[in-house]
Amino acid sequence: MSLSSMLLMTMSISLLLILISFWLPQLYPDTEKLSPYECGFDPLGTARLPFSLRFFLVAILFLLFDLEIALLLPLPWAINLNNPTQTMILTSAILTLLTLGLVYEWLQGGLEWAE
């Protein structure tokens with residue numbers, strides 16, 4: 001195949017896909033699709049609604065444990081180093097600290113959604 005035929009084929013496929021993408025969607029979206037929807041709050045209400053502190057606490061805990069996964073990701077490669085004892089001590093320290101923090105939050109009732 002020559003370069004011009006490949007270019008013609010890719011341009012025609014691209015044009016076909018663009019036309020299909022304009023043709024397939026609904027032409028008359030409902031009001032739910034047209035309304036701005038953010039975080040489950042009414043967009044027409046006041047902007048000064050109080051947020052639940054528990055929502056932010058659970059979100060921060062999620063980010064913390066997500067960061068834990070990122071910190072422990074290179075662990076399989078680090079065990080193969082010359083001195084894996086130091087790697088295991090640091091890994092155990094991270095896991096112990098995070099476990100103690102989770103137990104503290106659990107005992108304080110920070111993980112309960114309902115009172």
Side-chain angles (χ1 to χ4, degrees):
M1 282 181 114
S2 68
L3 182 63
S4 61
S5 64
M6 288 186 81
L7 186 61
L8 181 66
M9 187 184 320
T10 56
M11 292 206 37
S12 61
I13 290 174
S14 299
L15 184 63
L16 179 69
L17 289 175
I18 289 171
L19 290 175
I20 289 175
S21 72
F22 282 116
W23 178 64
L24 278 181
Q26 291 181 353
L27 297 177
Y28 303 105
D30 56 356
T31 57
E32 293 297 323
K33 288 264 188 191
L34 294 176
S35 69
Y37 182 78
E38 294 204 17
C39 300
F41 294 107
D42 182 20
L44 302 176
T46 178
R48 302 287 178 198
L49 291 174
F51 288 106
S52 171
L53 187 60
R54 293 188 190 277
F55 172 77
F56 287 112
L57 180 65
V58 171
I60 288 173
L61 284 174
F62 174 77
L63 290 175
L64 180 70
F65 285 104
D66 199 32
L67 179 65
E68 171 200 0
I69 302 269
L71 288 173
L72 295 177
L73 190 61
L75 186 62
W77 293 280
I79 289 176
N80 293 329
L81 295 176
N82 292 335
N83 190 6
T85 308
Q86 181 182 7
T87 304
M88 292 308 293
I89 289 172
L90 292 174
T91 302
S92 300
I94 290 173
L95 288 176
T96 303
L97 183 65
L98 287 171
T99 304
L100 289 174
L102 180 64
V103 168
Y104 176 76
E105 285 294 325
W106 195 334
L107 292 177
Q108 293 297 319
L111 299 176
E112 297 175 10
W113 285 101
E115 296 285 332

Residues 8-15, side-chain donor-acceptor partners within the protein, below 3.5 Å, at least two apart:
from	atom 1	to	atom 2	distance (Å)
Thr10	OG1	Met6	O	3.1
Thr10	OG1	Leu7	O	2.9
Ser12	OG	Leu8	O	3.1
Ser12	OG	Met9	O	2.8
Ser14	OG	Thr10	O	2.8

Only pairs under 3.5 Å count here: list side-chain donor-acceptor contacts from residues 56-79, not counting sequence neighbours, and write none if there are none.
none

What side-chain donor-acceptor pairs closer than 3.5 Å can you find for residues 84-108, not counting sequence neighbours?
from	atom 1	to	atom 2	distance (Å)
Thr91	OG1	Thr87	O	2.8
Ser92	OG	Met88	O	2.8
Thr96	OG1	Ser92	O	2.6
Thr99	OG1	Leu95	O	2.6

